[in-house]
Amino acid sequence: MEFLSKRFTILLWPGSLGSEIDVMPNIKSQILDDILKELDSFVIAFSGGVDSSFLLHRSNKVRKSAIIAVTIRTPYIPSQEIAEAAEFSKIHGIKHKILDISFPDEIKNNPVERCYLCKKSLFTELVAFAREHNYKYVVDGSNADDLDDFRPGMKALNEMGIRSPLLEAGLTKKEIRLLSRNDGLEFWDKPAMACLLTRIPYNTEIKEGMLRMIEKAESILFDKGYPGVRVRVHGELARIECLPGYMEKIIRNPEKEDIISQLKKIGFRYVSLDLEGYRTGSSNPQTEINEH
């Protein structure tokens, strides 16, 4: 995207993209505010996660009446995320719209290029919404760390001219959490979330019942005190990935048998614990290549 290279050249020190040495978080924060002031009016793709919540918070301070948060509801987005997005917007008095989108046909078999196809489909809806309601831009919560991960969806955003103010300001995930905490925002330490399709192997036919099983299983574990847990599905097997520090807890927890029982009741035949624990992108293609 042409504006990205120009933005980095003008606003950031040489080689400072994502750097915590050349550009400190408070300076990047000012850069972010300057970007938001330039954008005039815009739609924020609001998932309810840390990044888009922080972006919405800062946008509301800088551009208030010129923005609207739009959350997309599809069968593969956890319902809890939708609810939290709506609650955050209501608490802070921010205009918010939920768009209901059906399951895109092109990703129903969970292809490797799923993220690209999904972003293309969902952001087409957001761009149409922006045009219909006379908003000049659509922005999302991508950050500087996303450039270092397997993110095929970034290509779709670039192709569609979606602005990514956090990325343009060079803000990393760690810095976004720090700034959120400094601003007194309750979500600053919220575990990262992702769409439910990431729990299912690539090239697998997606059925809504499978998605509901995953959502229910993770909800059970959240309620038992396991934040940020992932339940990956392999046929009839549930593979649980815990955050660091929670592996021993789940092994020694007297409620372990109850967890197993509840997951079996919702449809899993086998329940396993991944000894590597939670790691971002554990199902990404390059991960599989590196491991083999």
Side-chain angles (χ1 to χ4, degrees), residues 1 42-49 51-52 55-56 68-86 96-133 135 137-143 146 149-164 167 192-219 230-235 267 280-288:
M1 220 186 302
F42 51 95
V43 170
I44 300 174
F46 182 42
S47 68
D51 298 332
S52 64
L55 177 61
L56 180 57
I68 184 170
V70 178
T71 300
I72 289 182
R73 180 163 50 201
T74 73
Y76 51 88
I77 301 297
S79 57
Q80 183 63 31
E81 287 286 281
I82 306 296
E84 289 176 2
H96 183 229
K97 172 73 174 177
I98 296 176
L99 292 183
D100 287 296
I101 308 295
S102 59
F103 204 125
D105 289 334
E106 57 267 33
I107 64 171
K108 283 190 173 178
N109 288 312
N110 212 26
V112 174
E113 64 274 22
R114 172 198 67 223
C115 191
Y116 171 82
L117 295 171
C118 175
K119 292 284 190 186
K120 199 81 170 179
S121 176
L122 301 190
F123 275 84
T124 294
E125 299 288 342
L126 288 172
V127 169
F129 177 91
R131 288 173 178 165
E132 180 181 351
H133 295 86
Y135 289 94
Y137 296 99
V138 175
V139 306
D140 89 314
S142 298
N143 65 65
D146 292 327
D149 196 6
F150 178 71
R151 302 281 184 177
M154 297 290 289
K155 179 183 176 183
L157 299 181
N158 290 344
E159 291 174 353
M160 300 181 72
I162 306 302
R163 296 290 296 264
S164 301
L167 189 157
M193 290 296 293
C195 87
L196 297 174
L197 298 180
T198 62
R199 320 299 201 266
I200 302 167
Y202 289 115
N203 301 314
T204 300
E205 182 183 1
I206 305 298
K207 298 180 180 179
E208 186 155 354
M210 183 188 304
L211 298 173
R212 301 288 71 80
M213 284 173 63
I214 295 168
E215 186 171 19
K216 180 62 176 175
E218 291 187 349
S219 178
R230 297 289 190 270
V231 177
R232 315 280 185 190
V233 176
H234 303 274
T280 304
S282 64
S283 298
N284 289 349
Q286 78 268 31
T287 302
E288 295 175 4

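Each residue takes its place number in the sequence, starting with 1.
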Residues forming a salt bridge (charged side-chain N to carboxylate O under 4.0 Å, His left out) with [X], sequence neighbours excluded:
X    : answer
K207 : none
R212 : E208, E215
D51  : K173

Is there a side-chain contact between [X] and [Y] (heavy atoms, below 4.5 Å)?
X    : Y    : value
K108 : E205 : no
L211 : I200 : yes
V43  : H133 : no
E159 : Y116 : yes
L196 : P78  : yes

Quiz prompt | Parallel, tilted or perpendicular: rings of H96 and F46 (30°, 60°) | solution = perpendicular
What distance do [X] atom [atom1] and [Y] atom [atom2] have between them, rounded to the nearest 0.5 Å?
X    : Y    : atom1 : atom2 : value
D140 : R163 : CG    : CZ    : 11.5 Å
E84  : M193 : CD    : CE    : 8.0 Å
N203 : N109 : CG    : CG    : 8.0 Å
Y135 : I68  : OH    : CD1   : 4.5 Å
K155 : E113 : NZ    : CD    : 10.0 Å
S219 : I214 : OG    : CD1   : 13.5 Å

Quiz prompt | Heavy-atom closest pair, residues R230 and A192 | solution = NH2-O, 2.7 Å
Practice problem: Of all the heavy-atom pairs spanning G48 and A85, show the shortest one and how long it is. | Solution: CA-CB, 4.0 Å
Exercise. For F42, check ring pair (Phe, Tyr, Trp, His ring centres under 6.0 Å) against everything at least two apart and list the hits.
Key: none
Practice problem: Show the numbers, then the answer: is there a side chain to side chain contact (heavy atoms under 4.5 Å, CB included) between T198 and R114? | Solution: CA-CA 10 Å; T198 62; R114 172 198 67 223; 3.6 Å; yes
Quiz item: Within the side chain of R199, is there an N or O that forms a donor-acceptor pair under 3.5 Å with the backbone of A194?
Solution: yes
Practice problem: Without swapping roles, check the side chain of T71 against the backbone of I82 for a donor-acceptor pair under 3.5 Å. | Solution: no
Quiz item: Out of I162, L55, L126, which one pairs with V139 under the side-chain contact (heavy atoms from CB on, under 4.5 Å) rule?
Solution: L55
Quiz item: Yes or no on side chain to side chain contact (heavy atoms under 4.5 Å, CB included) for M213 and V233, after CA distance, side-chain angles and deciding distance?
Solution: CA-CA 9 Å; M213 284 173 63; V233 176; over 6 Å; no
Quiz prompt | side chain to side chain contact (heavy atoms under 4.5 Å, CB included) against E106, all qualifying residues, sequence neighbours excluded | solution = P104, L117, S121
Quiz item: Can you list the residues that meet the side chain to side chain contact (heavy atoms under 4.5 Å, CB included) rule with T74, with sequence neighbours excluded?
Solution: I72, Y76, I77, I101, L122
